[in-house]
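Report on the structure given below.
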Amino acid sequence: MKLLVTGGAGFIGSNFVFLVLTERPEWQITVIDKLGYAGDIETLDSIKDKIQFVKGDIVDNELVDKLVSENNIVVHFAAESHNDNSLTNPWPFVESNIIGTFNILEAVRRHKKRLHHISTDEVYGDLELDDPSKFTPTTPYNPSSPYSSTKAGSDLLVRAWVRSFGIHATISNCSNNYGPRQHVEKFIPRQITEILEGRKPKLYGTGENVRDWIHVDDHNSAVIAIIEKGVSGETYLIGANGEKNNKSVIETILKLMGKPMDEYEHVNDRPGHDLRYAIDNSKLTSELGWKPKYTDFEEGLKQTIDWYRNNASWWQKQKSETESKYAELGR
Ligand code: NAD
Ligand code: TDX
């Protein structure tokens, strides 16, 4: 099995590479990553002899064509991934998420390779807090932000290439990931590193917004299951029944870090802020027999906090630029 992993120097892609090297050591991995602000080559330093790394942009059609032709399956993580950034500067999202995915699809079609496309539950829009339903693979698309709409666009391209050109592709839409090596712009690492730097966590709006948290290794073990057992043309929703509101997540982080649970600030809300996401994972569990390992959120958070405590040199490079961007937005 020869895998081309796009975005493998980012959060989920790098954790995927580490997991595959442990669980499927016989698979060969080539990573393509443009090493944008969220990609860090140092993340892959300890495994650099076990993979091939190519610094490059998926918008570069010729490079994508060559790399796809040399591998059997593309596992496509590369994307601009942060909602807040998409609200200040949407163009890179259109470029990487839509044009980049188009290039990959065309190369997969030309060379008759397989694609697994990584996407998000945000393509479905949001749910009311008291809505008993969850997102399923047939929920209509209704994205809210430039980020989620470009991810929705990329999913629809994949579906069209399956139907019109018969390419061999699967899609997964996962809920919010947490774990080691996540950029400090994201909610959980931002709060952990604010506390480690002696400042208070920052809660958008009232904090009643709900996210369905899953450990990154559980997301990636589901991706391995889909690569091995998934049916071409199908969409799989990945989630681990981890619904929590943002206020309670901040309180738990404060508690685990030995701080008073009310020691956080309310900051400006995100425009168009989605209220709630929730995944029905029954297709994945029943058809592919997948189960999450991290069923205790506090335990997973504790390990994540320890990782940030022990790896300050990894995240400190990102921190001041990220916080200056937030300061301009009053967030
Ligand atoms: P990330 O921002 O940490 O990493 C993205 C990586 O892609 C970076 O290394 C970046 O340099 C690279 N990249 C971006 N544009 C590129 C381009 N044009 N060419 C080459 N490389 C490029 O993001 P992440 O959180 O690891 O997300 C990975 C994927 O998972 C994305 O597709 C995202 O939509 C999806 N996803 C994320 C979550 C989450 O909670 N973070 C949940 C569900 C789905
Ligand atoms: O400082 C903060 N305070 C805060 O209250 C930040 C950074 C966020 N928030 C809130 C906004 C969201 O309700 O926390 C929640 C999570 O925020 P993000 O980490 O920015 O994630 P979200 O917008 O939910 O999107 C994430 O999950 C789905 C990923 O960034 C996406 O790539 C993925 O598709």
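Start at 1 and go down the list; that is how both ligands and their atoms are numbered.
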Which pairs of nitrogen or oxygen atoms, taken one from ligand 1 and one from the protein, are under 3.5 angstrom apart?
| unit_1 | atom_1 | unit_2 | atom_2 | d |
| --- | --- | --- | --- | --- |
| ligand 1 | 2 (O) | Ser81 | OG | 2.7 |
| ligand 1 | 3 (O) | Phe11 | N | 3.0 |
| ligand 1 | 9 (O) | Gly10 | N | 3.1 |
| ligand 1 | 9 (O) | Asp33 | OD1 | 3.2 |
| ligand 1 | 9 (O) | Asp33 | OD2 | 2.6 |
| ligand 1 | 11 (O) | Asp33 | OD1 | 2.7 |
| ligand 1 | 11 (O) | Gly36 | N | 3.2 |
| ligand 1 | 15 (N) | Ser96 | OG | 3.2 |
| ligand 1 | 18 (N) | Asp57 | OD1 | 2.8 |
| ligand 1 | 18 (N) | Ser96 | OG | 2.9 |
| ligand 1 | 19 (N) | Asp57 | OD1 | 3.4 |
| ligand 1 | 19 (N) | Ile58 | N | 3.0 |
| ligand 1 | 21 (N) | Lys34 | N | 3.1 |
| ligand 1 | 23 (O) | Ser81 | OG | 3.2 |
| ligand 1 | 26 (O) | Phe11 | N | 3.3 |
| ligand 1 | 26 (O) | Ile12 | N | 2.8 |
| ligand 1 | 32 (O) | Phe77 | O | 2.9 |
| ligand 1 | 32 (O) | Lys151 | NZ | 2.6 |
| ligand 1 | 34 (O) | Tyr147 | OH | 2.6 |
| ligand 1 | 34 (O) | Lys151 | NZ | 3.1 |
| ligand 1 | 40 (O) | Asn177 | N | 2.9 |

Query raised in the report: Quick one: does Tyr277 get an N or O within less than 3.5 Å of an N or O on ligand 2?
Result: no
Query raised in the report: Can Lys244 be said to sit on top of Tyr178's aromatic six-ring, NZ or CZ under 6.0 Å from centre and within 45° of the ring axis?
Result: no
Among [options], closest by any non-hydrogen atom to [atom]:
| atom | options | answer |
| --- | --- | --- |
| atom 21 (O) of ligand 2 | Asn173, Asn176, Asp126, Asp84 | Asn176 |
| atom 18 (P) of ligand 2 | Glu194, Arg211, Arg270 | Arg270 |
| atom 8 (C) of ligand 2 | Trp213, Tyr178, Phe11, Phe187 | Phe187 |

Query raised in the report: Just one of Phe11, Trp314, Tyr37 clears the ring-ring contact (aromatic ring centres under 6.0 Å, His included) bar with His183, so which one?
Result: Tyr37
Ligand 2 atoms in contact with [X] (distance to a heavy atom under 4.0 Å):
| X | answer |
| --- | --- |
| His273 | 11 (C), 12 (C), 13 (O) |
| Tyr147 | 31 (C), 32 (O), 33 (C), 34 (O) |
| Tyr326 | 7 (C) |
| His82 | 20 (O) |
| Lys202 | 1 (O), 2 (C), 3 (N), 4 (C), 5 (O) |
| Leu203 | 5 (O) |
| Lys186 | 19 (O), 30 (O) |
| Thr120 | 28 (C), 33 (C), 34 (O) |

Could you check [atom] against the protein and tell me its nearest heavy-atom contact, residue, atom and distance included?
| atom | answer |
| --- | --- |
| atom 10 (C) of ligand 2 | Asn246 ND2, 3.4 Å |
| atom 5 (O) of ligand 2 | Tyr204 N, 2.9 Å |
| atom 1 (O) of ligand 2 | Arg190 NH1, 2.8 Å |
| atom 29 (C) of ligand 2 | Ser81 O, 4.0 Å |

Query raised in the report: Does ligand 2 have any atom that is closer than 4.0 Å to a heavy atom of Glu185?
Result: yes
**Report entry** Sub-4.0 Å heavy-atom contact, Gln191 with ligand 2
**Finding:** yes
Report task. Evaluate the side-chain proximity of Asn209 to Phe187: yes if any heavy-atom separation is below 4.5 Å, no if none is. Result -> no
Report task. Compare all side-chain heavy atoms of Glu287 with those of Lys229 and state whether any distance is below 4.5 angstrom. Result -> no
**Report entry** Residues Thr193 and Lys319: side-chain donor-acceptor under 3.5 angstrom
**Finding:** yes
Query - Between Glu185 and Asn85, a side-chain donor and acceptor under 3.5 Å - result: yes
Requested in this report: Output yes when a side-chain donor or acceptor of Asp217 lies under 3.5 Å from a complementary backbone atom of Asn15, and no otherwise.
Outcome: no
Report summary line: Heavy atoms of Phe93 and His82 approach each other most closely as CZ-O, 3.3 Å
Query raised in the report: For Glu321, does the CD atom sit with more than 12 other heavy atoms under 6.0 Å from it, leaving out its own atoms?
Result: no
Requested in this report: Check whether more than 12 heavy atoms from other residues, nucleotides or ligands sit under 6.0 Å from atom NZ of Lys202, and answer yes or no.
Outcome: yes
Query raised in the report: Is Tyr236 reachable from Val20 through a run of I, L, V, M, F, W or Y residues, each pair having side-chain heavy atoms under 4.5 Å apart?
Result: yes
Report task. Check Glu122 against ligand 2 and report side chain, backbone, both or neither, counting heavy atoms closer than 4.0 Å. Result -> side chain
Query raised in the report: Is any NZ, NE, NH1 or NH2 atom of the basic residue among Arg199 and Glu194 found under 4.0 Å from an Asp or Glu carboxylate oxygen of the other?
Result: yes
Query raised in the report: Should the pair Arg276-Glu208 be classified as a salt bridge under the 4.0 Å nitrogen-to-oxygen rule?
Result: no
Requested in this report: Could you check whether the rings of His215 and Tyr294 sit parallel, tilted or perpendicular, using 30° and 60° as the cut-offs?
Outcome: parallel
Query raised in the report: Taking the six-membered ring for Trp, are Tyr124 and Phe135 parallel (under 30°), tilted (30 to 60°) or perpendicular (over 60°)?
Result: tilted
